[in-house]
Amino acid sequence: WNEKTESFGTVPGTARDYKSSGLGWVVVGDENYGEGSSREHAALEPRHLGGKAIIVKSFARIHETNLKKQGMLPLTFADPADYDKIDGSDTVSIIGISDLQE
């Protein structure tokens with residue numbers, strides 16, 4: 001969901017739109033996020049496009065580490081059932097994220 005255009009779009013397209021406006025964003029994903037991805041490049045693109053965090057039920061084996069290496073904040077739901085409470089048009093705030101920056 002793109003808050004600026006009030007429509008659904010691709011993640012990369014929405015991310016580019018947000019980056020050009022100076023807006024940070026997060027991805028909310030299901031289980032085994034990053035499975036089959038091309039290693040570092042899959043973690044590099046979200047950072048390059050202004051992403052702040054990836055919030056999922058679980059990560060693929062090495063993808064979480066690659067996100068950390070790229071400066072992304074990989075987060076998992078304390079209760080995986082909470083994933084079902086989030087809708088595509090919800091706004092997500094990560095309280096205290098600015099305190100984590102250098």
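Keep in mind that the numbers below use all heavy atoms, side chains included, and drop hydrogens, waters and symmetry copies.
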A.B. asks: Taking I55 as the fixed residue, which of L75, V27, L73, I86 is the one that meets the side-chain contact (heavy atoms from CB on, under 4.5 Å) rule?
C.D. replies: L75
A.B. asks: Could you walk me through whether W25 and V92 pass the side-chain contact (heavy atoms from CB on, under 4.5 Å) check?
C.D. replies: CA-CA 8 Å; W25 52 270; V92 176; over 6 Å; no
A.B. asks: Can you measure from CG (D17) to OG1 (T10) and round to the nearest 0.5 angstrom?
C.D. replies: 10.0 Å
A.B. asks: Taking atom NZ of K69 and atom CD1 of I62, what is their separation to the nearest 0.5 Å?
C.D. replies: 6.0 Å
A.B. asks: Begin from the C-alpha positions of N32 and K57 and carry the test side-chain contact (heavy atoms from CB on, under 4.5 Å) through to its verdict.
C.D. replies: CA-CA 7 Å; N32 211 20; K57 288 183 180 179; over 6 Å; no
A.B. asks: Is there a side-chain contact between F8 and T14 (heavy atoms, below 4.5 Å)?
C.D. replies: no
A.B. asks: Mind listing the closest non-hydrogen atom pair of T76 and S58 along with its distance?
C.D. replies: CG2-CA, 4.4 Å
A.B. asks: Between E3 and Y18, is any pair of side-chain heavy atoms under 4.5 Å apart?
C.D. replies: yes
A.B. asks: Is a side-chain N or O of R47 found less than 3.5 angstrom from the main chain of M72, in a donor-acceptor match?
C.D. replies: no
A.B. asks: Between CG of D79 and NZ of K85, what distance do you get to the nearest 0.5 Å?
C.D. replies: 6.5 Å
A.B. asks: Treating K19 as the side-chain partner and H48 as the backbone partner, does any N or O pair qualify as donor plus acceptor under 3.5 Å?
C.D. replies: yes
A.B. asks: Considering non-hydrogen atoms only, spot the tightest contact between G34 and A60 and give its length.
C.D. replies: C-CB, 3.6 Å
A.B. asks: Could you pull out the closest heavy-atom pair between F77 and G29, with the gap in Å?
C.D. replies: CE1-O, 4.4 Å
A.B. asks: Is the closest side-chain heavy-atom distance between I54 and F59 below 4.5 Å?
C.D. replies: yes
A.B. asks: Considering all heavy atoms of both residues, which atom of A43 and which atom of H63 are nearest to each other, and what is their separation?
C.D. replies: N-CE1, 4.0 Å
A.B. asks: Are V28 and V11 co-members of a hydrophobic cluster defined by side-chain heavy atoms under 4.5 Å apart?
C.D. replies: no
A.B. asks: If you apply the rule side-chain contact (heavy atoms from CB on, under 4.5 Å), what do you find for D87 with W1, and how did you get there?
C.D. replies: CA-CA 9 Å; D87 182 71; W1 179 256; over 6 Å; no
A.B. asks: Do I94 and Y83 belong together in a cluster built from hydrophobic side chains that touch within less than 4.5 Å?
C.D. replies: yes
A.B. asks: If only atom types and distance count, is the side chain of N2 paired as donor or acceptor with the main-chain N or O of T5 below 3.5 Å?
C.D. replies: yes
